[in-house]
Amino acid sequence: MKKLTALLLSGVMMTTLMTGCGGEQKPAADSGKTPAEAQNISLTVWGPQEDQVDENGWLPTMCKKFDEAHPEWNITFKYGVCSEGDAGKNVTADAAAAADVYFFANDQLGTLMQANGIAQLGGKYLEEVKADNTDAMIASVTGTDGGVYGIPFTANTWFMYYDKSVYSEDDVKSLDTMLEKGKIAFPLSNAWYLSAFYVANGGTLFGEDGVDASAGIQFGGEQGAAVTKYLARMVKNPNFVNDTDGVGLDGLRSGKISAMFSGSWDAANIQEALGENFGAAQLPTINIDGAAKQLKAFAGSKAVGVNPNSKNPEAAVALAVYLGSGEAQKAHYEMRQIIPCAKSLMEDPTISADIVASAQGNTVANTAIVQPSIPEMGAYWAPAEAMGKGLVNGEVTVDNAAAKTEDFNKSLNSAGL
């Protein structure tokens, strides 16, 4: 993979995915630039629609500030709509013609690397990014070769919301205690959530660091069977509800549900439902064979990436690092409530007082593992969804747990082969 300091290839800007362009060249008086001093360049940036609703949106605002801070360039910005979840598809469709800078979900990193659609950070920029991010966030954008390929700007994980009139801060440390005192909605049939239970009891995905494809997924054996038995009992508990189609949120509104598990995207609706009883926290433990085991959510990041085919690599890298900086993250939080991940903002009084930001940060730090981003992770989703549904519909039981767990583990390591 090419280092950013050695990017010399040119690319043609993709037009079919562009939804508009902006960033007309600024008069020299705006920044003191003159034609002789500033290099005229163009940068194409792809990001979510919500970040560029108009010229005052977060993305054009940050790009304008970046341009003003760099007298060496006179930049024309072109914007395209591409969500973080679609970057893997849109960039790899034609990496040479894709945007110079784009936003991506870290689980697409392996795909982007394979397509030569993302550049590796190096030098002072790598040092800057590492200094302002936790190990977990850096790991989320680290490739199988050990290189760092993006600038995280928010964590992507799930945690717990609860009704403070039902549960105390001590209660929410244990899922079993919570099930005794109130009704819980958990999306067990959703593969993204199911893994938390198996990882809690020692299960691994592609080795300890999540990058060893040869190690496979290990959710089997006696440890895995013990988890399956726990889950088979849990679904029979009258205080458990499988959270699908908005059951959890509707239940919080009606008072029939006292806790649910989701991410920051549901915060506003849940806060509205619970009012002054709104609570959020990192994941609880579960009791397996008499021992407390910590649930571990998948954690990843949304990050800023640079196309190695950019015609203006130096400016593209500098812009990407700025868009992922503490300054830009603070503006992202203020303008769109995107929870930052920069260490420089963790002591910010506004952010530290936000219980959702605290719950997300504590989850990433204490009750999560980095979601593997290698291509082999694609084999996980369908078997895990099927296992979750089998538990919910009663096909998987305490009596057949051992056999069903081995079948599950086998399918995790043979899917697509």
Side-chain angles (χ1 to χ4, degrees), residues 1-5 7-15 17-23 39-52 57-70 72-106 108-109 112-113 115-123 125-126 128-129 141 148-154 301-325 327-329 331-332 338:
M1 199 61 57
K2 301 172 185 173
K3 294 282 187 179
L4 292 176
T5 52
L7 300 177
L8 297 175
L9 294 180
S10 63
V12 179
M13 294 304 162
M14 183 181 292
T15 58
L17 291 175
M18 294 294 292
T19 62
C21 61
Q39 178 187 1
N40 292 326
I41 63 172
S42 175
L43 289 176
T44 298
V45 186
W46 287 352
Q49 176 67 60
E50 297 83 353
D51 282 333
Q52 46 184 317
W58 175 81
L59 184 57
T61 296
M62 292 299 104
C63 287
K64 181 179 179 181
K65 287 187 175 183
F66 174 81
D67 189 28
E68 292 171 348
H70 287 274
E72 67 272 33
W73 300 307
N74 199 24
I75 308 172
T76 297
F77 289 100
K78 300 178 181 179
Y79 302 104
V81 173
C82 177
S83 71
E84 297 95 346
D86 288 334
K89 173 182 65 178
N90 291 343
V91 173
T92 60
D94 187 350
D100 299 272
V101 176
Y102 58 87
F103 298 81
F104 70 99
N106 83 294
Q108 300 169 29
L109 179 58
L112 289 165
M113 289 176 65
N116 191 36
I118 192 164
Q120 182 178 341
L121 295 176
Y125 293 117
L126 177 59
E128 182 178 334
V129 172
V141 291
V148 176
Y149 287 87
I151 304 96
F153 65 88
T154 189
S301 65
K302 292 182 180 179
V304 192
V306 177
N307 192 332
N309 304 287
S310 174
K311 291 180 178 179
N312 298 290
E314 185 179 358
V317 178
L319 174 62
V321 172
Y322 175 69
L323 292 175
S325 68
E327 177 184 343
Q329 287 186 38
H332 220 171
I338 302 297

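All residue numbers in this chain count up from 1 along the given sequence.
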| request: Taking the side chain as every heavy atom from C-beta outward, state whether Asn116 and Asn309 have any pair of such atoms under 4.5 Å apart. | output: yes
| query | Any donor and acceptor pair, going by atom type alone, linking the side chain of Trp58 with main-chain N or O of Ala328 inside 3.5 Å? | reply | yes
| message | Please check: side-chain N/O of Gln108 versus main-chain N/O of Glu84, any donor-acceptor pairing under 3.5 Å? | response | yes
| task | State, yes or no, whether a side-chain contact exists between Gln329 and Thr154 at a heavy-atom distance under 4.5 Å. | result | no
| remark: Minimal heavy-atom distance between Ala87 and Phe104, with the atoms involved, is CB-CB, 3.7 Å
| Residues Ser83 and Asp86: side-chain donor-acceptor under 3.5 angstrom | yes
| message | Working to the nearest 0.5 angstrom, can you tell me the gap between Leu319 CG and Met62 CE? | response | 11.0 Å
| When rounded to the nearest 0.5 angstrom, what distance separates CD1 in Ile41 from CD1 in Ile75? | 4.5 Å
| task | Walk me through it: do Leu109 and Ile118 pass the test side chain to side chain contact (heavy atoms under 4.5 Å, CB included)? | result | CA-CA 8 Å; Leu109 179 58; Ile118 192 164; 4.0 Å; yes
| Side-chain heavy-atom pair Tyr322, His70 within 4.5 angstrom cut-off | no
| query | Does the side chain of Asn40 reach to within under 4.5 Å of the side chain of Thr76, using non-hydrogen atoms? | reply | no
| task | Give the intermediate values and the outcome of side chain to side chain contact (heavy atoms under 4.5 Å, CB included) for residues Phe103 and Val45. | result | CA-CA 9 Å; Phe103 298 81; Val45 186; 4.2 Å; yes
| Close side-chain approach of Tyr149 and Leu112, heavy atoms under 4.5 Å | no
| query | What are the two closest non-hydrogen atoms of Ile151 and Gly324, and how far apart are they? | reply | CG2-CA, 3.6 Å
| Are any of the side-chain heavy atoms of Asn312 and Trp73 separated by less than 4.5 Å? | no
| query | Can you find a pair of side-chain heavy atoms, one from Val306 and one from Leu121, that are under 4.5 Å apart? | reply | no
| query | Taking only residues two or more places apart in sequence or in another chain, which ones pass side chain to side chain donor-acceptor pair (under 3.5 Å) with Asp51? | reply | His332, Arg336
| request: Compare every heavy atom of Ala115 with every heavy atom of Thr92, then report the nearest pair and how far apart it is. | output: CG2-CB, 3.5 Å
| field | Donor-acceptor contact present, side-chain Glu72 to main-chain Ala315, <3.5 Å | value | no
| Side chain proximity check, Val91 to Trp46, heavy atoms < 4.5 angstrom | yes
| Residue pair Tyr79 / Pro60: nearest heavy atoms and the distance that separates them | OH-CA, 3.5 Å
| note | In terms of heavy-atom contacts, Asn90 and Cys82 come closest through ND2-SG, 3.2 Å
| In Å, rounded to the nearest 0.5 Å, how long is the span from CZ of Phe153 to CG of Leu323? | 9.5 Å
| Can you check whether Val141's main-chain N or O pairs, donor with acceptor, with Asn106's side chain at less than 3.5 Å? | no
| request: Please name the pair of heavy atoms, one in Ala99 and one in Asn307, separated by the smallest distance, quoted to 0.1 Å. | output: O-CB, 3.0 Å
